[in-house]
Amino acid sequence: MALLLGLLLCGHGWIPNAGGHLGSLVETFLPWYGLAVPVLLVGALCRRSVVATVALLVPVVAWLSLFGGLLPDKSGPGAQLTVVSHNVGAANPDPAGTARDLAGSGADLVALEELTPQATGTYQAGLARAYPYHVVRGTVGLWSRLPLSDGGPAGAMDPSRALRATVRTDRGPLAVYVVHLWSVRVGPSEGFSAGVRDSGAATLAEAVAADRAERVVVLGDLNGTPDDRAFAGLTARLRSAQAVAGHGFGFSWPATFPVARIDQILVRGVQPTRAWVLPGTGSDHLPVAAGLRW
C-alpha cells in the first residue's frame, strides 16, 4: 500500500483523463493523499513490520517533493500593490456586508466573481468610496484605487465571465484579467465533468500567451487547482502567488471547511511578496489576497 501510494503521487500524470477526467479528479485533491501515510504507519507499527515502515519513505519523499515547498512561510516585506480576488457567491445573503469587508481589506485592487444583476448595485455602492474606478462585465468585475482603462473582453473567452483591464500605476501599466471559469461536477455516470472548464482554461492560456503586456495578473475562480493538468498552459506561463509567497496551501473552498484552492492569483512580470486567505464573508468561497512589487 505504501508503494502504491508513492506511485500514485509520483505518477499522477500518467492517470488517463479519458472516461470521466479521472486524472484531473485525482490531481484536484492530490495533497490530501498524504493523510494516508499516518494511517499506514499505524498499521506498520501494529504489525511491527520494519519493511512496511521503511516502505513509507517512498510516499513521504514523493509528497514532500510535490508539496514540501508550500509549507514554510515565504512572505516578505515590500509590497507595492495589494490585490484581492473573491467569488462572492450568487446565493450570498449579505452582499452589503461582503462589500464592507472587502473595502476594509486595504487592497488596491478587488476582483469579484459570480456577480448577479440583483447584487451588483450593492457591491458598486459598497465599494465606491474606497475604489473610485471599476469595470463590470457580466458576472465579473474589477474595483481599483488606481485609474483603469481597456476594460474589455479577455481574448476569446466568454465575455460574461472574463474581462481584461489595464491598471495605470506610477511604475507602469499592469494588465489584469478577472476570470470565472465554468464549474465542474462529480457524478456516478459522467465522472468528473470538466470539459467546459478545461476549454476555458485553454482559451485563457492562449489569451495570456498572446498578451504583450510586460506585467500580467490573473485573478479569479478557476474552479481547479494548479496541480490539475487542465491548467498546464497557464502554469507554464504564470506563477502562483501562493506558491511563491504564501504559507501553506491557502485552501479557499468551501468556506466552511476548505479542501482546495480553486481561487487563484497568478502573475507574470511581477514579484509576489506575500499571499494569504482572508476571513470568510457570506460567500461559500474565501477571499484570497497577495502583495506584489516590481
Side-chain angles (χ1 to χ4, degrees), residues 9-31 66-67 69-70 83 85 87 111 113 137 139-140 142 152-166 174-185 191-246 249-250 252-253 260-272 275 288 290 292:
L9 290 168
C10 292
H12 60 87
W14 300 333
I15 301 174
N17 244 358
H21 286 79
L22 179 60
S24 286
L25 178 60
V26 168
E27 289 164 343
T28 296
F29 301 103
L30 201 60
L66 290 172
F67 305 113
L70 295 174
V83 300
S85 179
N87 179 325
E113 304 88 44
R137 291 186 65 87
T139 62
V140 298
L142 178 65
M157 296 197 67
D158 184 339
S160 69
R161 300 177 71 91
L163 66 83
R164 181 199 183 278
T166 300
L174 175 71
V176 177
Y177 289 77
V178 182
V179 180
H180 184 196
L181 295 184
W182 289 95
S183 299
V184 298
R185 296 288 185 268
F192 191 63
S193 179
V196 180
R197 190 277 316 266
D198 292 357
S199 176
T203 304
L204 177 59
E206 292 170 1
V208 171
D211 200 312
R212 297 184 178 181
E214 180 183 355
R215 294 172 287 271
V216 176
V217 176
V218 174
L219 306 168
D221 174 8
L222 302 189
N223 272 304
T225 70
D227 301 309
D228 189 331
R229 68 192 68 182
F231 299 100
L234 276 175
T235 55
R237 297 177 175 91
L238 301 168
R239 298 187 298 164
S240 164
Q242 180 67 25
V244 173
F249 293 95
S252 63
W253 177 88
R261 185 183 179 90
I262 63 175
D263 302 277
Q264 307 295 342
I265 299 176
L266 307 175
V267 302
R268 182 183 79 194
V270 300
Q271 178 61 39
V288 295
L292 310 174

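Positions are given from 1, in the same order as the sequence printed here.
Judged by distance alone, the side chain of S199 and the main-chain N or O of G195 form no donor-acceptor pair under 3.5 Å. Panel note: side chain D221, backbone H180; no donor-acceptor pair is recorded below 3.5 Å. With hydrogens and angles disregarded, a donor-acceptor distance shorter than 3.5 Å links the side chain of R261 to the backbone of G250. R268 places a side-chain N or O within 3.5 Å of a backbone atom of A213 that can act as its donor or acceptor partner. Of the possible polar contacts, one joining the N223 side chain to the L181 backbone as a donor-acceptor pair under 3.5 Å is found.
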Could you walk me through whether S85 and D263 pass the side chain to side chain donor-acceptor pair (under 3.5 Å) check?
CA-CA 7 Å; S85 179; D263 302 277; 5.6 Å; no
Passes side-chain contact (heavy atoms from CB on, under 4.5 Å), D227 versus F67? Steps please.
CA-CA 10 Å; D227 301 309; F67 305 113; 3.7 Å; yes
Under the side-chain contact (heavy atoms from CB on, under 4.5 Å) criterion, do D211 and R164 qualify, and how do the steps go?
CA-CA 10 Å; D211 200 312; R164 181 199 183 278; 2.7 Å; yes
Verify side-chain contact (heavy atoms from CB on, under 4.5 Å) between V179 and V140, making sure each step is shown before the conclusion.
CA-CA 7 Å; V179 180; V140 298; over 6 Å; no
Given side-chain contact (heavy atoms from CB on, under 4.5 Å), test D158 with W182 step by step and report yes or no.
CA-CA 10 Å; D158 184 339; W182 289 95; 3.7 Å; yes
Go through the steps to decide whether H21 and D198 satisfy the test side chain to side chain donor-acceptor pair (under 3.5 Å), and finish with yes or no.
CA-CA 10 Å; H21 286 79; D198 292 357; 3.3 Å; yes
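With respect to Y177, the side chain to side chain contact (heavy atoms under 4.5 Å, CB included) criterion is satisfied by exactly one of L204, V217, L219, L142: L204.
A distance of 13.5 Å separates CD1 in I265 from CZ in R239, rounded to the nearest 0.5 Å. Here the straight-line distance linking atom CD of E27 with atom CG of L22 works out to 9.5 Å at 0.5 Å rounding.
Pairing each heavy atom of F231 with each of G224, the nearest pair is CE1-CA, 3.5 Å.
In summary, the side chains of Q264 and S240 do not present any donor paired with an acceptor at a separation below 3.5 Å, with no hydrogens or angles considered.
With contacts defined as side-chain heavy-atom distances shorter than 4.5 Å, the pair L222/L266 qualifies. Looking at E113 and V178, their side chains come closer than 4.5 Å, going by heavy atoms from C-beta outward. Residues R229 and I15 form a side-chain contact, since some pair of their non-hydrogen atoms from C-beta on lies under 4.5 Å apart.
Between D228 and R197 there is a salt bridge, with a side-chain nitrogen of the basic residue lying less than 4.0 Å from a carboxylate oxygen of the acidic one.
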